[in-house]
There are 4 protein chains.
Amino acid sequence: MARSRLHPDPFTEPRWRRRKDARPSEILDAALGVFVEKGFAAARIEDIAQRAGVTKGTVYLYFPSKQAVFEALIRQAILPRFEAIEAIADAYDGPIAPLFQRLIQEVGQRVAGELAVFPKLIISEAGNFPEIARFYRFEVIARGEALFSRLYAKGVATGELPDIDPRIVTKLTVAPLLLSAIWKTTFSAFDEEALDVAALIQTHAQVLARGLAALAREARP
Amino acid sequence: MARSRLHPDPFTEPRWRRRKDARPSEILDAALGVFVEKGFAAARIEDIAQRAGVTKGTVYLYFPSKQAVFEALIRQAILPRFEAIEAIADAYDGPIAPLFQRLIQEVGQRVAGELAVFPKLIISEAGNFPEIARFYRFEVIARGEALFSRLYAKGVATGELPDIDPRIVTKLTVAPLLLSAIWKTTFSAFDEEALDVAALIQTHAQVLARGLAALAREARP
Amino acid sequence: MARSRLHPDPFTEPRWRRRKDARPSEILDAALGVFVEKGFAAARIEDIAQRAGVTKGTVYLYFPSKQAVFEALIRQAILPRFEAIEAIADAYDGPIAPLFQRLIQEVGQRVAGELAVFPKLIISEAGNFPEIARFYRFEVIARGEALFSRLYAKGVATGELPDIDPRIVTKLTVAPLLLSAIWKTTFSAFDEEALDVAALIQTHAQVLARGLAALAREARP
Amino acid sequence: MARSRLHPDPFTEPRWRRRKDARPSEILDAALGVFVEKGFAAARIEDIAQRAGVTKGTVYLYFPSKQAVFEALIRQAILPRFEAIEAIADAYDGPIAPLFQRLIQEVGQRVAGELAVFPKLIISEAGNFPEIARFYRFEVIARGEALFSRLYAKGVATGELPDIDPRIVTKLTVAPLLLSAIWKTTFSAFDEEALDVAALIQTHAQVLARGLAALAREARP
DNA sequence: TATGAATGAGCGTTCATTCAT
DNA sequence: GATGAATGAACGCTCATTCAT
């Protein structure tokens, strides 16, 4: 059986290995956990270091400041996943309604899952990090809205969807996903029975689809 | 002999004496502002004191610690406003749909207005103040869900509304309000044109009503 | 007999007295000692605080940073004494030679005495504090040169003194005083027999006077 | 089989191999620059290494600590140059006055030139490095004083020079050179017009010679 | 009741030093 | 011999909290 990395033998294990390439992301992983648990201000670099299995000084080998760790974390975590969603949407060609359903499920699963902590972080720290708020506002939200608006416009053109300000529809679409993410990071510890996110999202998708369709129908002569 | 404190002359008594009793809530008002702007950790007692027009020491006359200020703030701010909503709902007797519309508008206005800062605070600090998260979870959210469920059940009984888990419907109903609140505290600084919360909420109410009604209809034979 | 301040009774002595007015100069006094002994970089705020009989935090009540302590120290210590010299010189009216003698003695005593540490500080830290070097260069040296040049010009006019660039004569006049100051702060610890500064300065005054007089005489036809 | 290190081919051997022996003095050269610019405490080993074209670890191959670098620097830099002066003086045989003139010029040029940084370093760091202060006091200054005293005594014997404590005359002689050195390292950055060191030294030599001669004359019956 | 001077624990950051490679 | 990743002690600075006035 292979020796577990979890229990290195202190006698044969070298004090460190040349792992420059792996360090930054190890540190960011650790930082994510600490920032989520405590928020930026209450997070101690020493906590992050410890969780990454290094000492304080090592963190500063790779990031010039605590704030830089935070910013790197946000950038690195959000953008790649975002691109995955864009790829799906842009590759699609067909009626709009099913794509909406699929995107809501797809994004919802992520936002209420691995990505759930980011809304919390952004909301918590936007005040202290306008730079991050701006980044998120324009690089993530605006981009998401633009993507959504492109698709939505197709549905409006075919009469499937009502002609409503797409920024509003985007927000209505996203709101339950955001709520799910917040619930998970903030209140799920107190739930006897875990929130059934999948059901919530599915119901959301159904209600939203029917509601929009009804409005579209009403608008027709 | 000095004038007795027991019979203050209302004409010579300086105005500020009345403020003695008001001090705690003045401090909490000031604290709200500071906590919202900076978050709990970055808020300095001195900032709060200054904004309340007193000195640091005075804050400690009324609250034993910074954390106590925060907790008092959350408790006193939410519950009274909450009761106002409950009064409206419980006094109501009639078809459910219009009440929903009205409640969404009513709550929405507040949540996206004066109360907008509380979700931000709760979300930000829940990790560091489990006690506050628990309080909010059970004293505010659970109570709101219960109120909503009572009303919703009436609508299900009359066939107006589909028989869906009311906890999910509550969340779907509240989600856009929450998003509006978060938007205002987190991103509105970057908006060229302010988010039209009223339009968002009205659209939400329309879509939700039609979506639920459609589901209710589908469920009928 | 009055209670000595040097041995306060720990049981009756309050933790602190309201001595806001005295604190800054107490701290600067302490800082002077520490900066002189260790230089700016090696001086610890905690050392300064301890020597002033307070704690670290108290230093920061009165000065926003270590650098600010240093700058205040330099400004506060140099300028008042400088003005005393100017007063003597400007009040004087008579032949130049005796005034020179007197000024050299007067300034020499101070520079090799209570002020001896300042040249050392300025020289040591000028590189790291251009602001202080500039201040000293223009507020102290330039002013001293101007004072000296005014007097010197009178002697040139009467033929007592040779017509040499006054900036050079100033430096020649000051140089042994500077050397005395540096000797005291840098090497006197190793002297078996202390440097006789008074003799050095007196000899300097004599040699300089005769040397300048000789040059003046040579320049006359 | 790998080529033996014992018989390196002079044609293929890369040039840089020769530098192995030069490393320590390359490091000291680099260290001189950094120490002068920043002072001992603010100088970083990494700066020194970088300026020497090596990495931090390499510095520690040749010197056991930062302090050792500093001490080696001071020792190796002063003594060799000092010996050059001694050689000139001891080889001289003739009237004293012209030799003084020449020595003042000679030493002055160096002290205000390449060696100007050393007084600054010694003065700055004497407090933190008593060992260096002592070394400089006894190996450099005392030796210089002895040399000067030997020459001076000859002048006293011939009646050219007055019978003054030679330690004092030495200091009077050196003081303007010291001042020039300090000026260059400390204030020249603020000069619009550079200090004319040559003129200063020449004037110094003239004034000093005439002043001493006058005193010698006065002492004669 | 109110003040604000003083405290001291705590954290971000730096950098001399070590040592596996 | 040379590297540079890692360490950890040290120090500047902040700020919640205390308490003499």
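A, B, ... follow the sequence lines: proteins, then strands. Residue 1 opens every chain. For the numbers below, each heavy atom of this structure counts, side chains included, while hydrogens, waters and symmetry mates do not.
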Notebook entry, point to check: Quick one: is F:dT3 close enough that its OP1 or OP2 comes under 4.0 Å of any side-chain N or O from D:T58?
Noted result: yes
Check: Mind pulling the stems DNA chain F is in, i.e. runs of at least three Watson-Crick or G-U pairs, everything under 3.5 Å?
Finding: E:2-21 with F:2-21
Notebook entry, point to check: Is a side-chain donor or acceptor of D:K38 paired with a backbone partner of C:G127 at a separation under 3.5 angstrom?
Noted result: no
Note to self: Going by the rule side chain to side chain contact (heavy atoms under 4.5 Å, CB included), which residues pair with D:F118 if we only count those two or more places apart in sequence or in a different chain?
What the structure shows: D:L32, D:I74, D:A77, D:I78, D:L115
Check: Would you say a side-chain N or O of A:Y60 is under 4.0 Å from OP1 or OP2 of E:dT13?
Finding: yes
Next item on the list: Using a cut-off of strictly less than 4.0 Å between a heavy atom of the residue and any atom of DNA chain E, enumerate the qualifying residues of residues 64-77 of chain D by number.
Entry: D:S65, D:K66
Next item on the list: Using heavy atoms to find the nearest nucleotide of DNA chain E for B:L61 and D:G57 separately, return the residue whose nucleotide is more 5′.
Entry: B:L61
Item checked: Nucleotide of E:dG12, E:dT3, E:dA6 approaching B:T55 most closely (side-chain heavy atoms) -> E:dT3
Check: Counting N and O atoms only, with roles assigned by atom type, does the side chain of C:S124 sit under 3.5 Å from a partner on the main chain of C:K120, one being a donor and the other an acceptor?
Finding: yes
Note to self: Quick check: do B:Y62 and B:V69 have side-chain heavy atoms less than 4.5 Å from each other?
What the structure shows: no
Check: Can you check whether A:Y62 has a side-chain N or O nearer than 4.0 Å to OP1 or OP2 of F:dA6?
Finding: yes
Notebook entry, point to check: F:dG1 P sits how many Å from D:I27 CD1, rounded?
Noted result: 11 Å
Next item on the list: Kindly write out the residues that satisfy salt bridge (charged side-chain N to carboxylate O under 4.0 Å, His left out) with C:R134, not counting sequence neighbours, or none if the list is empty.
Entry: none
Checklist line | Residue whose nearest DNA chain E nucleotide is more 5′ - B:K56 or A:A43 | finding: B:K56
Next item on the list: Quick one: list whatever passes ring pair (Phe, Tyr, Trp, His ring centres under 6.0 Å) with A:F40, sequence neighbours left out.
Entry: A:F35, A:F70, A:F129
Notebook entry, point to check: Rounded to the Å, how far apart are A:Q50 CD and F:dA6 C1'?
Noted result: 16 Å
Next item on the list: Could I get the full list of salt bridge (charged side-chain N to carboxylate O under 4.0 Å, His left out) partners for A:R44, not counting sequence neighbours?
Entry: A:E46, A:D47
Notebook entry, point to check: Do the side chain of C:K66 and the main chain of C:A43 share a donor and acceptor less than 3.5 angstrom apart?
Noted result: yes
Notebook entry, point to check: Could you state the CD-P distance from B:E46 to F:dT14, rounded to the nearest angstrom?
Noted result: 12 Å
Next item on the list: Please state how far atom CD1 in D:I45 lies from atom C1' in E:dT14, giving the value in whole angstrom units.
Entry: 14 Å
Checklist line | Heavy atoms from other residues, nucleotides or ligands near CD of C:Q76 exceed 12 (cutoff 6.0 Å) | finding: yes
Margin query: Taking any heavy-atom pair under 4.0 Å as a contact, classify D:A41: base, sugar-phosphate, or nothing.
Written below: nothing
Check: Which nucleotide in the set E:dA16, E:dG12, E:dT7 lies at the smallest distance from any side-chain heavy atom of C:V54?
Finding: E:dT7
